[in-house]
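The sequence lines fix the lettering, A, B, ..., with proteins before strands; numbering per chain opens at 1.
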Amino acid sequence: MRDLVEESGLVIETQGLRISRRGQSLLDVPNLRLGGPGPTVILGPNGAGKSLLLRCLHGLIQADAGTVRQNGRALDAEERASQAMVFQRPVMLRRSVAGNLDFVLRRRGLNRAQRQARIAALLAEGGLPSRARQGARSLSVGEAQRLAILRALATEPEVLFLDEPTSALDPGATQAVESLVLRASARGVRIVMVTHDIGQARRLAADVVVMMGGQVVEHGPAAQVLDDPASGAVRRFLAGELIF
Amino acid sequence: MQNFAQEMQAAFALVLAGDSELLGIVGLSLRVSLFAVLCAALIGMPLGAALAVGRFPGRRAMVVLVNALMGLPPVVVGLIVYLMLSRSGPLGVLQLLYTPTAMIIAQVVLVTPIIAALTRQVVEMLDAEYAEQMRSLGLSRLATVPVLLWDGRVALLTALLAGFGRAIAEVGAVIIVGGNINHVTRVMTTAIALETSKGNLALALALGAVLIGIAVAVNALVSLLGARSRAEALAHA
């Protein structure tokens, strides 16, 4: 079991993060600080820079300027290894469901018996035990996304980034993914999740970051941001106006 | 058509009886083409993978070149390999002309571009899907290559079979560099050409039947594998 006190101390912060293309600013996040134990939800309309920010925080994209730090350290291979990411469209390896998990566990150097035990535990966690030997690409989208989350969790991450993991899912499948995410959070995995579903933000978030036009327009405890936002634009967005 | 019917009958008798000359020719054909495909795979697959994931100057031009080489005329390849291996050629000292090795070299030249080009396509498409996920899992670009090759295995096997189909059915190059010497370099295609011109239609037809049988079997295997991977892809759509 992880040390919860230490876990809640995990901090990811940006310093002067900027990305622009052809003179247009896509991302401008001078100083965002993600601390605290609960899930962070990054909210905003399409093209707000949410996914871009997530990729920068995970080190998948190198920003034009600025840095990302985790617990005060620049993102190096070691810090990145403590992070995992789940994508909007789950990437299923052309292997069985168990094989997708085995791929990650093998890289972590677990022996056969350890891997099998871990695979069984993970599949039980995600409600997929009966699917173990099935081809991963024959899963439904909802099941595939759950497998993608389980595979990310198999790396034993301290931080789990999720990029709109439920955008293509129906309510039942969304609920299954959300409960998986919440259980991981309860075990001490730091969750940072992008969504444009305001209801999802209400259900999951401890703190909410609202982005528009590549900038963070509001960041604070979920209740405060969702119920009493400071910015007029955020208020209109939360009220369901079509902002783009 | 009395003659034709008789020749057909004689041909099937040869096949069914397992005629030793026939088996010898079929055996040599299979050995030469299988070995050629193996060599071509060892060159073509890494080359195709490098073209797919590598980022180096001249990559685009190489992709175009490899694609163009897929349509190499076999007779021209035969001529070039002949010139290289002939006594006064740069590789003349090896004395490989009119040996099965010469035929293998010609077939490798013909098949390698096919395998390389198809491998590049397969790996590039898979890479587009996998790249971010692999990076997220901490794999370097180089470490991603074996994953892409393994996960593209069905499509890559199809590429190998396509290469084998080209090699086994090829006649222009092997007749130039092999010389169609009985019991040494006589393969199915060159034997058919010779026996037909000699009027020995029974043996030619028998060899033709075996060749078509092999071609059909290879193509059936290709479409079976293709259908399987399509079914998997559809199930995910």
Indicate yes or no: does Arg55(A) engage Asp163(A) in a salt bridge with an N to O separation below 4.0 Å.
yes

Got a salt bridge between Glu129(B) and Arg94(A), using NZ or NE/NH1/NH2 to carboxylate O under 4.0 Å?
yes

At a 4.5 Å cut-off on heavy atoms, which part of Leu126(B) comes close to chain A: side chain, backbone, both, or neither?
side chain

What part of Phe103(A) is in contact with chain B, defined as an atom under 4.5 angstrom from a non-hydrogen atom: side chain, backbone, both or neither?
side chain

Interatomic distance, CD1@Ile80(B) vs CD1@Ile176(B), rounded to 0.5 Å, equals 10.0 Å

Structural part of Val86(A) lying under 4.5 Å from a heavy atom of chain B:
neither

Is it the case that over 12 heavy atoms from other parts of the model lie below 6.0 angstrom from the CD atom of Gln116(A)?
yes

